[in-house]
Enquirer: 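This is the structure, below, for whatever I ask next.
Throughout, protein chains are lettered first and strands after them, A, B, ... in sequence-line order, and every chain is numbered starting at 1. Keep in mind that the numbers below use all heavy atoms, side chains included, and drop hydrogens, waters and symmetry copies.
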Number of protein chains: 2
Amino acid sequence: MHSPPAVLAELPRGDVLARDCPSRQILQHVTSRWGGLVMVALGRETLRFAQLRRRIGGISERMLAQTLQVLEADGLVARHDHGEVPPRVDYCLTAAGWEIATRVFALTDWIETHLPELLAERAEKAQALG
Amino acid sequence: MHSPPAVLAELPRGDVLARDCPSRQILQHVTSRWGGLVMVALGRETLRFAQLRRRIGGISERMLAQTLQVLEADGLVARHDHGEVPPRVDYCLTAAGWEIATRVFALTDWIETHLPELLAERAEKAQALG
DNA sequence: GTAAGTACCCACATAAATGTAAGTATCCAA
DNA sequence: TTGGATACTTACATTTATGTGGGTACTTAC
């Protein structure tokens, strides 16, 4: 009758409402300004750096590179460097990344679908104040 | 045979990958550092300002107030001022807010549940680099 | 009468995120 | 041979987000 490793025992589950829970970091990475969009874009297909940049309107090279690095460090996206010249690198989701992307997509999809209503509501409220 | 109002015709549906699509603003509001946590907290029950502040570890009064205002302007949370003294105000989700909160919760819940694996993965990668 | 709670707002300062422009080494098409 | 594409990185400047501490007007509990 032995208990699980100390590390796991101390981390049975995260709690995003807790101030110092590491789950917040992951959450922030996948919900950062560009993080979520990268997940959504990769949720459809494997893409190369420049392709991603074109899909995600408005993202700069710098932010795309940085975002991809963070997501890769979290084990959510996988980077495949073909070692060719000129460079050829493609990005796709890992198993965990796919799980998360699915949920991010559920969110973005609902918002996209109900945008007209959402905007109408917002406009009404704005006018009520004026 | 007439077409729908121009406004709606031009906005059949949002696209978060598009640079100037307003859906991005909504998305950012509900995935901002505190926005998502407020949605999750209110997803469980109606709460007063000070209660929310206690539930969401680390949030400042300033950010809570600001976040609530943005979410209210988007029509996702409703503010009820009982007009009493000392002040008594409570916050809850609107119908649209509930839809979104459900999806944000699906995301946070998956992350919370799989935190141990996620952290283990991250630790491995970090060590691989050193 | 002193302290704490309620729901905030405001000014100020700092921290974090993001953008811009340039540079790298190589290849291919015009 | 000039221009564009590839996948980045770096330095610098700026914008945005966030925190801190204080104040308000009033009540209840000690």
Side-chain angles (χ1 to χ4, degrees), chain A residues 16-17 19-20 22 24-39 41-42 45-74 77-92 129, chain B residues 16-17 19-20 22 24-39 41-42 45-74 77-92 129:
Chain A
V16 290
L17 294 186
R19 180 179 198 141
D20 299 319
R24 277 201 186 171
Q25 297 170 15
I26 312 262
L27 179 63
Q28 276 185 51
H29 295 166
V30 299
T31 60
S32 67
R33 175 156 187 195
W34 304 114
L37 302 182
V38 166
M39 297 299 282
L42 289 180
E45 54 188 320
T46 291
L47 291 169
R48 296 176 61 179
F49 186 88
Q51 290 180 311
L52 266 168
R53 178 142 149 69
R54 281 180 230 113
R55 299 283 162 101
I56 304 173
I59 195 171
S60 65
E61 292 194 344
R62 186 183 178 280
M63 289 317 296
L64 178 55
Q66 195 174 111
T67 302
L68 285 169
Q69 284 168 6
V70 169
L71 295 177
E72 197 202 348
D74 283 345
V77 316
R79 189 187 111 109
H80 294 298
D81 188 338
H82 296 223
E84 295 174 9
V85 151
R88 176 182 183 78
V89 179
D90 45 43
Y91 294 89
C92 62
L129 304 173
Chain B
V16 289
L17 294 186
R19 182 179 198 142
D20 299 318
R24 276 202 187 168
Q25 297 169 14
I26 312 259
L27 179 63
Q28 276 185 50
H29 296 164
V30 299
T31 60
S32 67
R33 175 158 188 194
W34 304 113
L37 302 182
V38 166
M39 296 299 281
L42 289 181
E45 54 189 320
T46 291
L47 292 168
R48 296 177 61 177
F49 187 88
Q51 290 179 312
L52 266 168
R53 177 142 150 68
R54 281 180 229 114
R55 298 281 162 101
I56 304 174
I59 197 172
S60 65
E61 291 194 347
R62 186 183 177 281
M63 289 316 297
L64 178 54
Q66 194 174 112
T67 302
L68 286 170
Q69 283 168 6
V70 169
L71 295 177
E72 197 202 348
D74 283 344
V77 316
R79 189 187 111 109
H80 293 298
D81 187 338
H82 297 224
E84 296 174 6
V85 152
R88 176 183 183 78
V89 179
D90 45 43
Y91 294 89
C92 63
L129 304 174

Enquirer: Over all strands shown, is B:Arg79 touching base, sugar-phosphate only, or nothing at heavy-atom distances under 4.0 angstrom?
Expert: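 Sugar-phosphate, backbone atoms only, no base.
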Enquirer: Anything under 3.5 Å between a protein N or O and an N or O of nucleotides 27-30 of chain C, put it in a table, one pair a line.
Expert:
none

Enquirer: In whole Å, I'd like the distance from the CZ atom of A:Arg88 to the C1' atom of D:dC8.
Expert: 16 Å
Enquirer: Watson-Crick or G-U wobble partner for C:dC28, using a 3.5 Å limit on both distances?
Expert: D:dG3
Enquirer: What is the distance, to the nearest angstrom, from the CG atom on A:Asp81 to the P atom on C:dT26?
Expert: 15 Å
Enquirer: Shortest non-hydrogen contact from B:Trp34 to A:Arg24?
Expert: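 That closest heavy-atom pairing would be CZ3-NH1, 3.7 Å.
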Enquirer: Write down the atom of B:Tyr91, the atom of B:Arg79, and the distance for their closest heavy-atom approach.
Expert: CE2-CG, 3.4 Å
Enquirer: Rounded to the nearest 0.5 Å, what's the gap from CG on A:Leu71 to CD on A:Gln66? Could you check?
Expert: 11.0 Å
Enquirer: Please report, rounded to the nearest Å, how far the P atom of D:dT18 is from the NE2 atom of B:His29.
Expert: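 One finds 11 Å between P of D:dT18 and NE2 of B:His29, rounded.
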Enquirer: How many Å lie between NE2 on A:His82 and P on D:dC8, as a whole number?
Expert: 11 Å
Enquirer: Counting heavy atoms from C-beta on, name the nucleotide in C:dC8, C:dT6, D:dC8 closest to the side chain of B:Arg48.
Expert: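 So the nucleotide nearest the side chain must be C:dT6.
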Enquirer: Starting at atom CD of B:Glu84, determine the distance to atom C1' of D:dT27, rounded to an integer number of angstrom.
Expert: 12 Å
Enquirer: How many angstroms lie between atom CZ of A:Arg55 and atom CD of A:Glu45, to the nearest 0.5 angstrom?
Expert: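 The CD atom of A:Glu45 is 4.5 Å from CZ of A:Arg55, to the nearest 0.5 Å.
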Enquirer: For B:Leu37 and D:dA17, give me the distance from atom CG to atom C1', rounded to whole Å.
Expert: 15 Å
Enquirer: Please give me every residue in residues 58-69 of chain B whose heavy atoms get under 4.0 Å of an atom in DNA chain C, ordered by residue number.
Expert: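 By residue number: B:Glu61, B:Arg62, B:Ala65, B:Gln69.
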Enquirer: On DNA chain C, compare the nucleotides closest to B:Gln51 and A:Ser32; which residue's is nearer the 5' end?
Expert: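 Per heavy-atom nearest nucleotide, the more 5' residue is B:Gln51.
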Enquirer: Among D:dG19, C:dA7, C:dT18, find the nucleotide with the atom closest to the side chain of A:Trp34.
Expert: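 Looking only at side-chain atoms, A:Trp34 lies closest to C:dT18.
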Enquirer: Can you name the closest pair of heavy atoms from A:Ala41 and A:Leu52 and give their distance?
Expert: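 Minimum heavy-atom contact is CB-CD2, 3.8 Å.
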Enquirer: Grab the two heavy atoms, one from B:Cys92 and one from B:Thr46, that are nearest each other, plus how far apart they are.
Expert: CB-OG1, 3.2 Å
Enquirer: To the nearest 0.5 angstrom, please state how far the OG atom of B:Ser60 sits from the CZ atom of B:Arg53.
Expert: 6.5 Å
Enquirer: Measure the distance from CZ on A:Arg53 to C1' on D:dT6 and round it to the nearest whole Å.
Expert: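 In whole Å, D:dT6 C1' lies 13 Å from A:Arg53 CZ.
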Enquirer: Find the distance A:Ile56:CD1 to C:dG19:P and express it as a whole number of Å.
Expert: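 To the nearest whole Å, that distance equals 12 Å.
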Enquirer: Give the minimum heavy-atom separation between A:Leu27 and A:Thr31, together with the two atoms involved.
Expert: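 Shortest heavy-atom separation between A:Leu27 and A:Thr31 comes out as O-OG1, 2.7 Å.
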Enquirer: Return the minimal non-hydrogen interatomic distance between B:Val77 and B:Met39, and the atom names on each side.
Expert: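 Minimum heavy-atom contact is CG1-SD, 4.3 Å.
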